[in-house]
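If you scroll down you'll find the structure; I have some questions about it.
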Amino acid sequence: SSSSSREVVPLTSPPLGQPLPLDEHACSVAMPKWSHIVGYEEGDPNVAMALACGYPRFVYHPYLQRLMSHALDKYSKLNPAEATKNQD
């Protein structure tokens with residue numbers, strides 16, 4: 001086979017939580033150590049906070065997090081009658 005068809009193997013692992021592929025809509029993240037996988041499964045906050053993204057059933061997309069934050073800022077300070085009155 002020619003050298004142009006050889007697969008390039010990285011010399012280092014991507015850091016914990018980096019999206020794979022490196023894209024804003026990626027659903028996979030790097031967990032280069034076994035301890036990261038165990039930490040994720042056991043709910044280790046250090047591992048969870050490092051995740052930039054993840055599978056939608058388990059991790060909220062960053063855009064959705066921003067939307068939820070905006071909605072909470074806008075509507076959570078209102079009483080229920082005002083919240084429904086001011087929807088726009």
Nearest 0.5 Å, please: how far is CG in N46 from CG in L16?
9.5 Å

Test item: P19 and S28 side chains (from C-beta on) under 4.5 Å apart, heavy atoms:
no

Quick check for you: to the nearest 0.5 Å, what is the distance between H70 atom NE2 and Y75 atom OH?
6.5 Å

Side-chain heavy-atom pair D73, S69 within 4.5 angstrom cut-off:
yes

Which atom pair, heavy atoms only, marks the closest approach of L20 to A26?
O-CB, 3.7 Å

Please check if V59 and V38 belong to a single hydrophobic cluster, counting links between Ile, Leu, Val, Met, Phe, Trp and Tyr side chain heavy atoms closer than 4.5 Å.
yes

When rounded to the nearest 0.5 angstrom, what distance separates OG in S13 from CD in Q18?
10.5 Å

Would you name the heavy atoms of Q65 and Y60 that are closest together and state the gap between them?
NE2-O, 3.5 Å

Where the side chain of H61 meets the backbone of E24, is there a donor-acceptor pair that is under 3.5 Å apart?
yes

Do Y40 and Y55 sit in the same hydrophobic cluster, where Ile, Leu, Val, Met, Phe, Trp and Tyr count as joined when their side-chain heavy atoms come under 4.5 Å apart?
yes

Identify whether W34 and M31 are in the same connected component of the hydrophobic contact network (ILVMFWY, side-chain heavy atoms under 4.5 Å).
yes

Check against side-chain contact (heavy atoms from CB on, under 4.5 Å), H36 and D44:
CA-CA 9 Å; H36 297 146; D44 181 341; over 6 Å; no

side-chain contact (heavy atoms from CB on, under 4.5 Å) assessment of V29 paired with C53
CA-CA 7 Å; V29 295; C53 64; 3.5 Å; yes

Give me the atom names and distance for the closest heavy-atom approach of A30 to P15.
CB-O, 3.4 Å

Side-chain heavy atoms under 4.5 angstrom apart, residues restricted to Ile, Leu, Val, Met, Phe, Trp, Tyr: same cluster for L64 and F58?
no

